[in-house]
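Start at 1 and go down the list; that is how both ligands and their atoms are numbered. What's counted below: heavy atoms across the whole structure, side chains too, no hydrogens, waters or symmetry copies.
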Amino acid sequence: MADIRSVGVVGGGQMGSGIAQLAAVHGLEVWLHDSDAGVLTRAHQSISSRIQRLVSKGNLTKEKGAEAIRNLRCTSTLDDFCSVDIVIEAIVESEEVKKNLFAQLDKIVKSSAILASNTSSISITRLGSATNRSSQVIGMHFMNPPPVMKLVEIIRGANTSDKTFNTTKVLAERLGKKIICSQDFSGFVVNRILMPMINEAFHALYTGVASKEDIDAGMKLGTNHPMGPLELADHIGLDVCLSILKVLHSGLGDNKYTPCPLLVQYVDAGRLGKKKGVGVYTYGKTRDEIKPSARL
Ligand SMILES: NC(=O)c1ccc[n+]([C@@H]2O[C@H](COP(=O)([O-])OP(=O)(O)OC[C@H]3O[C@@H](n4cnc5c(N)ncnc54)[C@H](O)[C@@H]3O)[C@@H](O)[C@H]2O)c1
């Protein structure tokens, strides 16, 4: 089985920067690319400071921390991915944008390289069809934040080979993750179950069943969830939740996945969650402030 030594990560947002950090800390060479140069600069700064924090807390030796930072290279050109063994894509949740990227990567990376997507919901089979290497295309769905959360959901497209699956599984385990496997149907397992719950929480808020605080407290204290569904939606990003619900709705053809109008309105208003400082809750020095969960 091919040994993965170098990883290309596309997308330096919440997920891509976390995946790049995780791979660098586990001794892999990492190339990180984002189409937005500002995002790339901020991603490098935040990954470096998170690694320094791991060192100062004693979770990583000084040498390993320095090595991890050396392992990470940011690039504004995808051509630098020509030598990587695997690419993990973590860009916007749009099938068209991802397909264009996969077609481009297919021409740049070496013939043995695997193209993995961190998509939350989009068909791996269709992403594979945008390339000439569909047997080497796979879903590698990390949870947020990738350095902390224990799970990676692996999704095989219709043409994904056993070799690609086994190499991806070994990589996820090397990164310290437990894996689950899912068939390639919209939303896979985790979001097929999670997103209807988040959508229902929005309906409960929209129709005045309870306040946002009571909806979240109800699910935390009543069902032992570490975060309430609205708090979790803010953490994921309301734009990401809406995109996933649209994929579930169109892919599975059931109206039960129709996004709640309140979720749509928040996204239209730019209230995208924690990353924008405002979503269901407002983050900052206001009465509405909620503290980041200790668990995530
Ligand atoms: N947010 C979550 O909790 C979560 C969890 C698991 C999986 N995901 C999935 O991970 C992916 C990324 O989500 P995120 O929350 O990190 O989003 P994000 O908005 O934080 O980051 C996306 C990044 O992709 C970049 N980008 C967009 N198009 C690009 C292109 N063509 N080439 C290069 N860079 C491009 C953007 O500049 C942005 O920095 C999505 O597919 C999402 O569904 C998200």
* At what distance is the nearest protein heavy atom to atom 15 (O) of ligand 1, and which residue and atom is it? -> Q14 NE2, 3.3 Å
* Backbone or side-chain N or O of E89 under 3.5 Å from ligand 1 N or O -> no
* To do: Going by heavy-atom distance to atom 32 (N) of ligand 1, choose the closest among S35, P146, G38.
  => S35
* Would you mind telling me if ligand 1 is within reach of the side chain of N118, the backbone, both or neither, using heavy atoms under 4.0 Å? => both
* Which bit of K275 gets closer than 4.0 Å to ligand 1, counting heavy atoms only: side chain, backbone, both or neither? -> side chain
* Residue that, paired with N191, satisfies side-chain contact (heavy atoms from CB on, under 4.5 Å) out of I244, V247, L248 -> I244
* Asked: Which ligand 1 atoms does I236 reach within 4.0 Å, using its non-hydrogen atoms?
  -> 1 (N), 2 (C), 3 (O)
* Structure fact -> protein heavy-atom neighbour closest to atom 11 (C) of ligand 1 works out as I91 O, 3.2 Å
* To do: Please identify which atoms of ligand 1 are closer than 4.0 Å to at least one heavy atom of V39.
  => 39 (O)
* **Test: K212 cationic atom under 6.0 Å from Y281 six-membered ring centre, within 45° of axis** => yes
* To do: Identify, for atom 3 (O) of ligand 1, the protein heavy atom at the shortest distance, and state residue, atom and that distance.
  => N144 ND2, 3.0 Å
* Structure fact -> closest protein heavy atom to atom 21 (O) of ligand 1 is G13 CA, 3.4 Å
* Asked: Quick one: do K276 and D239 make a salt bridge, cutoff under 4.0 Å?
  -> no
* Between the side chains of S134 and N159, is a donor N or O closer than 3.5 angstrom to an acceptor N or O? -> yes
* Counting from 1, what ligand 1 atoms have a heavy atom of E93 closer than 4.0 Å? -> 40 (C), 41 (O), 42 (C), 43 (O)
* May I ask you to check whether N255 and H249 show a side-chain donor-acceptor distance below 3.5 Å? => yes
* Structure fact -> The atoms of ligand 1 lying under 4.0 Å from a heavy atom of V10, numbered in the order shown, are 33 (C)
* Which ligand 1 atoms are under 4.0 Å away from a heavy-atom of K98? -> 40 (C), 41 (O)
* To do: Assess L101 for proximity to ligand 1: is some non-hydrogen atom of it under 4.0 Å away?
  => no
* Identify the protein heavy atom lying closest to atom 6 (C) of ligand 1, giving its residue, its atom name and the separation to 0.1 Å. => F142 O, 3.2 Å
* If you take all heavy atoms of E29 and R73, which pair is closest and at what distance? -> OE1-NH2, 3.5 Å
* Asked: Any donor and acceptor pair, going by atom type alone, linking the side chain of S48 with main-chain N or O of H44 inside 3.5 Å?
  -> yes
* What atoms of ligand 1 come closer than 4.0 angstrom to any heavy atom of S120? -> 6 (C), 7 (C), 8 (N), 9 (C), 42 (C), 43 (O), 44 (C)
* Considering distance alone, does some N or O of H33 sit under 3.5 Å from an N or O of ligand 1? -> no
* **Name of the residue among T125, D162, D184 meeting side chain to side chain donor-acceptor pair (under 3.5 Å) with R156** => D162
* To do: Report yes or no: does A90 have a heavy atom closer than 4.0 Å to ligand 1?
  => yes
* Distance filter under 4.0 Å to H141 heavy atoms, resulting ligand 1 atoms -> 6 (C), 7 (C)
* Would you call Q136 and L115 a side-chain contact if the rule is heavy atoms closer than 4.5 Å? -> no
* Between D85 and K110, is there a salt bridge with N-O shorter than 4.0 Å? -> yes
* Side-chain heavy atoms of L28 within contact of L175, under 4.5 Å -> yes
* **Sub-3.5 Å N/O-N/O distance, G16 and ligand 1** => no
* Ionic contact status for E173 with K177, cut-off 4.0 Å -> no
* Asked: For atom 44 (C) of ligand 1, what's the nearest protein heavy atom and its distance?
  -> M15 CG, 3.4 Å
* Is D34 close to ligand 1, meaning an N/O of one under 3.5 Å from an N/O of the other? -> yes
* Do you see a donor-acceptor pair shorter than 3.5 Å between the side chains of E89 and S117? -> yes
